[in-house]
Amino acid sequence: MIHSLFLVNASGDIFLEKHWKSVVSRSVCDYFFEAQERATEPENVPPVIPTPHHYLISVLRHRIYFVAVIQSEVPPLFVIEFLHRVVDTFQDYFGVCTEAAIKDNVVVVYELLEEMLDNGFPLATESNILKELIKPPTILRTMVNTITGSTNVGEQLPTGQLSVVPWRRTGVKYTNNEAYFDVVEEIDAIIDKSGSTITAEIQGVIDACVKLTGMPDLTLSFMNPRLLDDVSFHPCVRFKRWEAERILSFIPPDGNFRLLSYHVSSQNLVAIPVYVKHNISFREGSSQGRFDLTLGPKQTMGKAVEAVLVSSQLPRGVLNANLNASQGTYTFDPVTKMLTWDVGKINPQKLPSLKGTMSLQAGASKPDENPTINIQFKTQQMAISGLKVNRLDMYGEKYKPFKGIKYMTKAGKFQVRT
Amino acid sequence: MSVQNFPPIYSTVVEIFQWLKSVYKNISFPEKGSCLSSGRSLAPRGRRSCSSIGCIVSVPFGSHNNVWSTGRDPAIWEADTDAVYAALSHHLWSTFTAPEAKSSNEDLKEMLESNKESLKLEAMKRVVGLIAKGKNASELFPAVVKNVASKNIELKKLVYVYLVRYAEEQQDLALLSISTFQRALKEPNQFIRASALRVLSSIRVSIIVPIMMLAIKEASADMSPYVRKTAAHAIQKLYSLDPDQKEQLIEVIEKLLKDKSTLVAGSVVVAFDEVCPDRIDLIHKNYRKLCNLLVDVEEWGQVVIISMLTRYARTQFTSPWKEDNEKAFYESEEEKKDQTEATPYTMDPDHRLLLRNTKPLLQSRNTAVVMSVAQLYWHLAPKHEVNIVTKSLVRLLRSHREVQYIVLQNIATMSIQRKGMFEPFMKSFYVRSTDATHIKTLKLEILTNLANEANISTILREFQTYVKSQDKAFAAATIQAIGRCATDISEVTDTCLSGLVLLLSNRDETVVAESVVVIKKLLQTQPTQHSDIIKHMAKLFDNISVSMARASILWLMGEYCERVPKIAPDVLRKMAKTFTAEEDIVKLQTVNLAAKLYLTNSKQTKLLTQYILNLGKYDQSYDIRDRTRFVRQLIVPNEKSGALNKYARRILLAPKPAPMLESAFKDRDRFQLGTLSHSINSKATGYQELSDWPAVAPDQSVRNVEVVEPSSSESEEQSSDESDETSSDSGKSSSGSEKSSSESEPEQKKKTKTKKAPQKKSKAAAAVTAPSFGPVKTHELLHHMTGKGLSAKYHFPRQPCLYQPSMVAVQVILANSSDHSLEKIHIGDRSPAGLNIHCFNTIERLEPEASVTVSMGIDFSDSTQAANFQLCTKEDQFSVSIQPVVGELLMPSTMSEQDFSKEQGKLLGMNETSATVAMATANTSSQAVSKQVLSVANVGVVSSGPNDLHRFAGRTVSSGALVLVSLELKESSALLTINTEKSVMASMLLRDLKQALALA
């Protein structure tokens, strides 16, 4: 199983190491650095690297490589999934997962890693259990600790690990009992040159923030559960109940968690909330290129399209872009050739546009491909698939909780080929 | 201070300090201040001047600038030179303030030895910081180990971290801590026991192996499942420390495998995999339990259990994949022949149990679990069931980049063998410009694998976009993919070729070069009628500068020079002009072209060839000179060349086999999917091969938890269903399912008991409605005298038949009363020919005095005609026959009194048979009546009021026709009525019932 873990930052320094079995020399990472040098982009480092005696499995998150050292056969996804859990836990504990945050909290990090693996096999990865074992650092607690000399490590030993609902800690108490659910859908789409959809699909998640006293047993039902084609659940959801009645029945973990992620069946046509009119052209022999982009709303069901951000990787030959945005601001990075345009909200009366010229390297031939345009956007109060929560009921506890549900649609990997 | 005082190389900070100390002792400074300032000036220069291999710290010291390179221990310098600076200045200060010297760790030591808890904790935190940075803190060992018994939990935990890290290096000192852990192992709190065992087993000191062994043995019998889980982890640690303990550890594993807690299951399987993966016999008895617990085990445990069970299943069950072929066989006319050769496949219920219990895990949020279920289905499920994993795998593509990478690799392997699985999801593999390059190429690979006649046009259109990609490596890969599509699908070869030819005028050289290479390969596979393309390439030749591409064109010219008789010599002419400026690979092909043209068209090219051969003769590269000399001897006849010359044409113009354009994932299926080995395409350390299916299933009874009777498949089915249900509401289940699995055992016992004592008439039967377990009569099938020692008895267990609903289940007890073992007991020829029998699996060996019970299914088609078949052993064949009793051809049916009357109303007239029966006095009570009727016929009691009318209902097994029996008691006689469409059966049943009721 997992032998050691090295954290490597963007400049290739190992800034943390942890060993669960005997110590592996950090020189093993040289193989990783070699691969890193060979890769043109940070993302192109292969996730699995065989070396003569070990295997390195790495994930890249927040510009930090988490490199796990493996000595013998183990499913690679097992390691990858675990590493991502580690990152999620760090994020959960420190708010951000950066080199600085990890260095500042190196003791907590070490305590966490110690609890998460025993002899390379995952022991406790459930955030509720970990938080009982090791309290997350907050400014207040750090202050109190320095004054009173108390510690971050839980005085009581965790009970969750033994209970029948390992994801929930016992003895939860709130004065305000609330349960919030966010239905967030993402549209993944590829739109071709002429504006027709090549592929489009909707992926959704239901994120929950549940702060309820005691051991509540919740059921959540949908108006139109048939929409959900493929689902994956948090372990708390009772699978048989879903199979039989299409109802989510669960004892929730305490705090934030992802209840469900789903895929909307592909038979349904996907409504695309924005359209793009583009005219990007380079002429042979001239050192100028034209750039003309207009965005507009389409099939938005009356909701505003907000937080629109357009980005595009311009061809290598482009030296500079001299553009005029009717709304928002644009930036062009001459080194990476990345054009980003922060549009904001789309006003259907006055469509935002970005027009102007691009100057090309003199004498360079015309780029043979027009750049792909990536678009991000958000629409509030609407799930694009039409999924609706019917009702939420609570059993097992006496009080009346406050319930809230929010819908949102976002662009996932939304690309327009030009 | 003199120069000789500088030692050449310092390997550790400590040495530098020591050296500094000696220097300072020799000289005297006027004040403290000046020294400090010189120390401070170290910082800015020394800072960040470290490289990871060796490090150079420049230290301006007084008037001297000295450079030391420390070669051995870069780690010390690596992370933070600030610390070094701080340490140095501290050190310098203390050399003047205190007479005795201290290193940087010295103050940590002091803090650790102080009485204040907070100081100790602070010191430990700094020590852990050092460990995290990979610095050596081993010299603090004595100071740290003292705190192992601290009351402060955080301090204690940090000490544990330290201990585990350094115990191996400081074995003697580490022993000091052992007694603390031994004491903690006896604590009443389970968490303290567990953590003590955890640390104790993590200390890799071989002297304490016996202590660890003892601790593990004790912990494996602990009350708390959490401690037992820790014990399972400790097993692997001990095994890696001392493999000699294997035998003892296996005993502990065996014990822990029997554990019913979900907490332990995953960990013990990890230990099993590590210590004794080949001891499959340990799994048999726990197989069903593991299957049933699986849903409730934590996710990481699920992954290891599933992959272990995959390997297990491949050794224990027969292949479900032959099924399709066999069906096809049956449909053809050779039915009889086949039946004797191969028994039709039925899935072992345990095999089915595994598939059924893993399926819900496809919905797990853990990608590793989903992948392991997918590989389980791929390796174990019947072909038509594998498709259910597709959706879940495609879902994983939404996850992180690294997950995508692994999943795409596996899909690539799967899609080669089973295109249909992923074809509906083709669009999920479309490439986005933001994907990483390795993701892009994997997606391309999959799209190429999925290409078929129907979707090729869509795929090619998509490829056209990719070819224009700015990522040139990816564009080149796309061209190769187009080439593969063109060879695989002959319909589009021409389209692809013309598309590739268009690409020849592309501005990017890599694209052009790749296209030429692919075109060359394509033309080679079908060289007919492509002279146009060759001509076109000849035209483009002047504009192409990539040598590989030029060489490919020249080779094409030479190979097909007879198709382009006018152009080829012209190309050679051009090449003659530029020959000296070309790359080697181009020159070689020019020589080849010249030689081939000389042979086919010597009139035009004789001079050109000679000119080129002369150029080649004096070329700088000896490869070219060598080749030229060889070609000259081969093609130009002279006295010395001898016989070879005659064969020049056959040598140079021999037809060449076309190259194969194949997927890079073609041979990956030799590895189990989802494994590290599959991912890196070579065998990883510790990879265990997936064995092939056994030709004949090993004895399935080994998995029975109750050793009494094998293959009482119905009770298995039921017990597994039960635990299925309980584990379904996974909310409160883990304890629940534990209970249920333990509950199901006594139940199984009960059932086996009834079967074991079939003569004992069950009194409860009358009270039961349906299904009723009536008395069971055993009939003789084969006497041991006629069977040469083999005897067989059969009875009707009155269970619905598992194999087909229209069959009647028959249990046969085979016993060997001879003095030698009998081998290969199976069923041979049967008559009537169309008789549909589900045979039992061949029994490999039956020892003397042993007996075995097997179940089979026979379709009697609602007639009492006997089923004749041959019971064969390795040497002999015995004709036997099973004569069905009419009552056994029924199965009980549940209905209310109203329904009964309604149905009876429909079956009057011809369908009614009745008779008056003289009742024996003992049979007048309602219980006795039911008992008698049920002993004759497998019908269900229809509950009715306390009157004298008894009703029973059943259906015929094969056709499902209703059979209604009613009995009206009148003093000492009774009116027996049977209503059914099957009048023959009715009269036979009437006779049997009459007999039974009158007797006794």
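Per chain, numbering begins at 1; letters A, B, ... match sequence-line order.
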Greatest number of heavy atom pairs closer than 4.5 Å to chain A - which of [options]:
options	answer
B/I680, B/V407, B/V164	B/I680
B/T437, B/N366, B/V270	B/N366
B/S399, B/S682, B/G686, B/S677	B/S677
B/Q375, B/R204, B/E117, B/R432	B/R432

Open item on the list: Would you say the rings of A/F78 and B/W300 are close, in the sense that their centroids are separated by under 6.0 Å?
Closed with: yes

Only pairs of heavy atoms separated by less than 4.5 Å count here; which of [options] has the most with chain B?
options	answer
A/V59, A/I70, A/V109	A/V59
A/H19, A/K18, A/K21, A/E41	A/K21
A/D118, A/L7, A/I49, A/L60	A/D118
A/I198, A/V106, A/N374	A/I198
A/P315, A/S22, A/P50, A/S72	A/S22
A/M1, A/K193, A/E186, A/E243	A/E186

Task: Exercise: do B/Q363 and A/S232 side chains pair donor with acceptor under 3.5 Å - done: no

Open item on the list: Checking side-chain polar atoms at under 3.5 Å, does B/H233 have a donor or acceptor matched by the opposite partner on A/N119?
Closed with: no

Enter the distance from [X]:[atom1] to [Y]:[atom2] here, rounded to the nearest 0.5 Å.
X	Y	atom1	atom2	answer
A/F82	B/E299	CZ	CD	11.0 Å
B/E402	A/R61	CD	CZ	8.5 Å
B/Y430	A/I190	OH	CD1	8.0 Å
A/I80	B/M371	CD1	CE	11.5 Å
A/T199	B/M426	OG1	CE	10.0 Å

Report which part of [X] has an atom under 4.5 Å of a heavy atom belonging to chain A: side chain, backbone, both, or neither.
X	answer
B/V394	neither
B/V431	backbone
B/V303	side chain
B/E298	side chain
B/Y405	side chain
B/V304	side chain
B/S364	backbone
B/E168	side chain
B/L158	side chain
B/Q404	side chain

Open item on the list: Could you go through A/D188 and B/R398, starting from their C-alpha distance and side-chain angles, then the distance that decides it, and tell me whether this counts as side chain to side chain contact (heavy atoms under 4.5 Å, CB included)?
Closed with: CA-CA 10 Å; A/D188 285 358; B/R398 285 276 300 168; 2.5 Å; yes

TODO: Verify side-chain hydrogen bond (donor to acceptor under 3.5 Å, both in side chains) between A/Q71 and B/T685, making sure each step is shown before the conclusion.
DONE: CA-CA 7 Å; A/Q71 220 159 22; B/T685 331; over 6 Å; no

Are [X] and [Y] close enough for a salt bridge, meaning some N to O gap below 4.0 Å?
X	Y	value
A/E126	B/R365	yes
A/R417	B/E462	yes
B/K391	A/D230	no
B/R198	A/E115	yes
B/K427	A/E201	no

Task: Partner of B/L676 under side-chain contact (heavy atoms from CB on, under 4.5 Å), chosen from A/V48, A/V79, A/L77 - done: A/V48

Residue part contacting chain B, namely of [X], when any heavy atom lies under 4.5 Å:
X	answer
A/A189	backbone
A/V45	backbone
A/Y110	side chain
A/Y262	neither
A/W242	neither

Open item on the list: Determine whether a donor-acceptor pair (N or O, by modelled atom type, separation under 3.5 Å) exists between the side chain of A/E81 and the backbone of B/T367.
Closed with: yes

- [ ] Kindly determine whether B/V128 and A/E111 satisfy side chain to side chain contact (heavy atoms under 4.5 Å, CB included), including the steps that lead there.
- [x] CA-CA 10 Å; B/V128 167; A/E111 284 168 347; over 6 Å; no

Open item on the list: Counting only heavy atoms not in B/K359 (residues, nucleotides, ligands), do more than 12 fall under 6.0 Å from its NZ?
Closed with: no

Task: Check: A/E73 and B/K683 side chains under 4.5 Å, non-hydrogen atoms - done: no

Task: B/T434 and its side chain to side chain donor-acceptor pair (under 3.5 Å) partner, picked from A/Q415, A/Q313, A/K413, A/E43 - done: A/Q415

